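Everything on this sheet refers to the single structure shown next.
These numbers come from a predicted model, not from an experiment.
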Amino acid sequence: MTLYGKALESRLPNSLLQDRFADEAVRKIDYDFSRLKVDGNLGLGFAIRAKTLDVSIRDFLARYPDAIVLHLGCGLDTRIFRVDPLPGVDWFDVDYPDVVALRRRLYPPRDQYHLIASSVTEPGWLAEVPRNCPAMVVAEGLTPYLAADEGPLLLARLVEHLAGGELMFDAYSRFGLKLMRLSPALKAMGADVHWAIEDPRELERAIPKLRFISEVPSYKPEQGARLGWSARLFVGLWKLIPPCARSAGCCATGSEELCVSVSWRSPARAKRRWRNFRGRRG
């Protein structure tokens with residue numbers, strides 16, 4: 001669903017994402033994507049969210065050029081090609097074995113690019129990921145589909161395994177999940193959503209090593225001009241509702257969505273540990 005939405009947005013003359021790899025992948029797949037009920041507004045919403053996360057990754061890699069990137073529940077997303085990290089960055093995409101097999105057929109290989117065929121909730125796959133270097137962990141469109149008890153467990157395993165870094169993901173309130181369930185696209189997928197995060201700081205209480213950095217609305221006013229009139233109207237009305245005013249969210253999906261950033265330990269400290277580790281290995 002998200003791949004098709006990003007492909008649609010990337011076909012626009014003023015595309016925000018300019019994701020030619022997504023467009024090429026959609027054209028290669030023998031599937032009637034119209035069944036997914038993805039329209040232009042929803043595609044733009046996916047593109048806005050993806051751009052927000054891409055910018056955060058580039059910023060992290062500018063600060064820590066020998067970091068790793070861990071992309072959880074990557075699906076068929078082409079983020080590694082959009083971000084296009086410099087040599088020195090190891091990138092790990094994690095998803096189910098059938099998804100990874102399809103990725104291998106659709107996308108070209110890259111140096112220092114690793115595919116891990118596993119559910120993100122299985123603990124064993126982390127053994128394939130280096131421990132002692134700064135890590136940017138990104139999870140786009142993943143958290144609401146996790147069971148409410150699985151989400152904190154996954155984050156706790158990441159914090160325990162990795163030396164330090166930042167985690168960026170999109171999150172929804174309980175009200176946001178209710179609105180998601182009304183989405184024709186979600187119904188077409190036959191999927192359901194479970195894990196709501198009312199306050200990002202609740203993660204600090206559940207996982208003491210985590211530290212909240214910021215929450216960023218996926219939607220920005222300057223991007224709203226790209227939406228259709230009905231979606232712009234929705235955004236305006238949404239901001240008038242007091243419980244929802246803190247974020248217009250990803251207006252194209254009609255749900256309260258925030259991009260949340262948290263960290264654990266210092267990435268700079270992890271970088272020093274990684275250099276010491278490499279020195280000892282040499």
Side-chain angles (χ1 to χ4, degrees), residues 16-19 21 47-74 77-94 110-116 120 126 128-143 154-171 197 200-201 203-204 207-218 220 222-223 257-282:
L16 177 69
L17 207 55
Q18 299 182 14
D19 192 343
F21 285 95
I48 292 171
R49 180 179 68 183
K51 187 72 172 182
T52 300
L53 296 172
D54 289 355
V55 168
S56 294
I57 295 172
R58 290 192 183 101
D59 176 68
F60 186 87
L61 294 180
R63 288 179 283 136
Y64 307 105
D66 55 355
I68 65 170
V69 177
L70 192 54
H71 188 186
L72 305 181
C74 61
D77 189 78
T78 60
R79 172 160 283 117
I80 185 171
F81 301 106
R82 295 196 306 268
V83 174
D84 194 21
L86 294 173
V89 174
D90 277 289
W91 186 297
F92 298 82
D93 275 354
V94 187
R110 286 178 59 114
D111 291 338
Q112 296 178 278
Y113 175 48
H114 315 274
L115 288 164
I116 300 179
V120 297
L126 269 170
E128 301 183 42
V129 178
R131 302 174 65 97
N132 295 298
C133 50
M136 165 55 83
V137 183
V138 60
E140 179 185 0
L142 173 66
T143 61
L154 170 60
L155 300 190
R157 283 195 293 269
L158 290 166
V159 168
E160 185 63 30
H161 179 82
L162 297 166
E166 295 181 9
L167 167 64
M168 189 85 174
F169 59 94
D170 53 311
I197 300 176
R201 293 191 181 276
L203 297 176
E204 291 182 318
I207 307 159
K209 292 180 181 179
L210 280 180
R211 292 294 177 266
F212 171 72
I213 299 175
S214 64
E215 58 181 0
V216 182
S218 291
K220 295 181 180 179
E222 62 268 22
Q223 295 162 338
E257 178 187 39
L258 290 170
C259 287
V260 178
S261 181
V262 294
S263 69
W264 68 102
R265 304 183 191 86
S266 164
R269 179 184 171 195
K271 185 175 181 178
R272 289 194 297 270
R273 291 179 60 183
W274 175 234
R275 285 174 174 167
N276 292 337
F277 173 73
R278 287 192 295 183
R280 289 196 301 271
R281 284 200 310 178

inquiry  = Among residues at least two apart in sequence or on other chains, which ones pass side-chain contact (heavy atoms from CB on, under 4.5 Å) with L86?
reply    = none

inquiry  = R157: which residues meet the salt bridge (charged side-chain N to carboxylate O under 4.0 Å, His left out) condition with it, sequence neighbours left out?
reply    = none

request  = Write down the atom of F169, the atom of A171, and the distance for their closest heavy-atom approach.
outcome  = CE1-CB, 3.8 Å

message = Do L72 and L158 make a side-chain contact, defined as non-hydrogen atoms from C-beta onward lying under 4.5 Å apart?
response = yes

query = With side chains defined as the heavy atoms from C-beta onward, is the minimum distance between I68 and L162 less than 4.5 Å?
reply = yes

ask   = Of the non-hydrogen atoms in P65 and A62, which two are nearest, and what is the gap between them?
value = CD-O, 4.2 Å

inquiry  = Please find the pair of heavy atoms, one from L210 and one from E204, that lie closest to each other, and give the distance.
reply    = O-CG, 3.5 Å

query = When rounded to the nearest 0.5 angstrom, what distance separates NZ in K209 from CG in L155?
reply = 13.5 Å

request  = Nearest 0.5 Å please: distance from the CG atom of L167 over to the OG atom of S56.
outcome  = 11.0 Å

ask   = What orientation do F81 and F21 show, parallel under 30°, tilted 30 to 60°, or perpendicular over 60°?
value = parallel

Closest contact, heavy atoms only, R110 versus P85 = NH2-O, 3.5 Å

inquiry  = Could you check whether any side-chain N or O of E140 sits under 3.5 Å from a backbone N or O of L53, counting only pairs where one atom can act as donor and the other as acceptor?
reply    = no

task = Before giving the answer on side-chain contact (heavy atoms from CB on, under 4.5 Å), spell out for V138 and L70 the whole-Å C-alpha distance, their side-chain angles and the decisive distance to 0.1 Å.
result = CA-CA 6 Å; V138 60; L70 192 54; over 6 Å; no

key: Closest heavy-atom pair and its distance - A156, I207   = N-CD1, 3.8 Å

request  = State plainly whether the residues E160 and R131 are in salt-bridge range, i.e. N to O under 4.0 Å.
outcome  = no

task = With the side chain counted from C-beta on, respond yes when V69 and V89 share a heavy-atom pair under 4.5 Å apart, and no when they do not.
result = yes

message = Please enumerate all residues that pass salt bridge (charged side-chain N to carboxylate O under 4.0 Å, His left out) together with D90, with sequence neighbours excluded.
response = none

Partners passing salt bridge (charged side-chain N to carboxylate O under 4.0 Å, His left out) against E128 (at least two apart in sequence or in another chain) = none

message = Quick one: does any side-chain atom of H161 pair with a main-chain N or O of V129 as donor and acceptor, under 3.5 Å?
response = yes

request  = Report the distance from atom CG of D54 to atom CG of L16, rounding to the nearest 0.5 Å.
outcome  = 9.5 Å

task = Not counting sequence neighbours, which residues clear side-chain hydrogen bond (donor to acceptor under 3.5 Å, both in side chains) with R58? List them please.
result = none

request  = Please tell me if the side chains of W91 and H71 come closer than 4.5 Å, counting only heavy atoms from C-beta onward.
outcome  = yes

inquiry  = The test is side-chain contact (heavy atoms from CB on, under 4.5 Å); show your working for Y113 and I80 and say whether it passes.
reply    = CA-CA 8 Å; Y113 175 48; I80 185 171; 3.2 Å; yes

ask   = Is the shortest heavy-atom distance from the side chain of R79 to the side chain of C74 under 4.5 Å?
value = no

ask   = What heavy-atom pair brings L142 and A139 nearest, and what distance separates the two atoms?
value = CD2-CB, 3.8 Å

message = For a salt bridge (charged side-chain N to carboxylate O under 4.0 Å, His left out) check, start with the C-alpha distance between R63 and E166, then their side-chain angles and the critical distance, and finish with the verdict.
response = CA-CA 12 Å; R63 288 179 283 136; E166 295 181 9; 3.4 Å; yes

key: Non-neighbouring partners of A67 that pass side-chain contact (heavy atoms from CB on, under 4.5 Å), sequence neighbours left out   = F60, L61, Y64, P134

ask   = Of all residues at least two apart in sequence or in a different chain, which pass the salt bridge (charged side-chain N to carboxylate O under 4.0 Å, His left out) check with D19?
value = R82

request  = Report the residues that fulfil side-chain hydrogen bond (donor to acceptor under 3.5 Å, both in side chains) with D111, sequence neighbours left out, ordered by chain and then residue number.
outcome  = none

ask   = If you round to the nearest 0.5 Å, how far is CD1 of I116 from CG of D93?
value = 9.0 Å

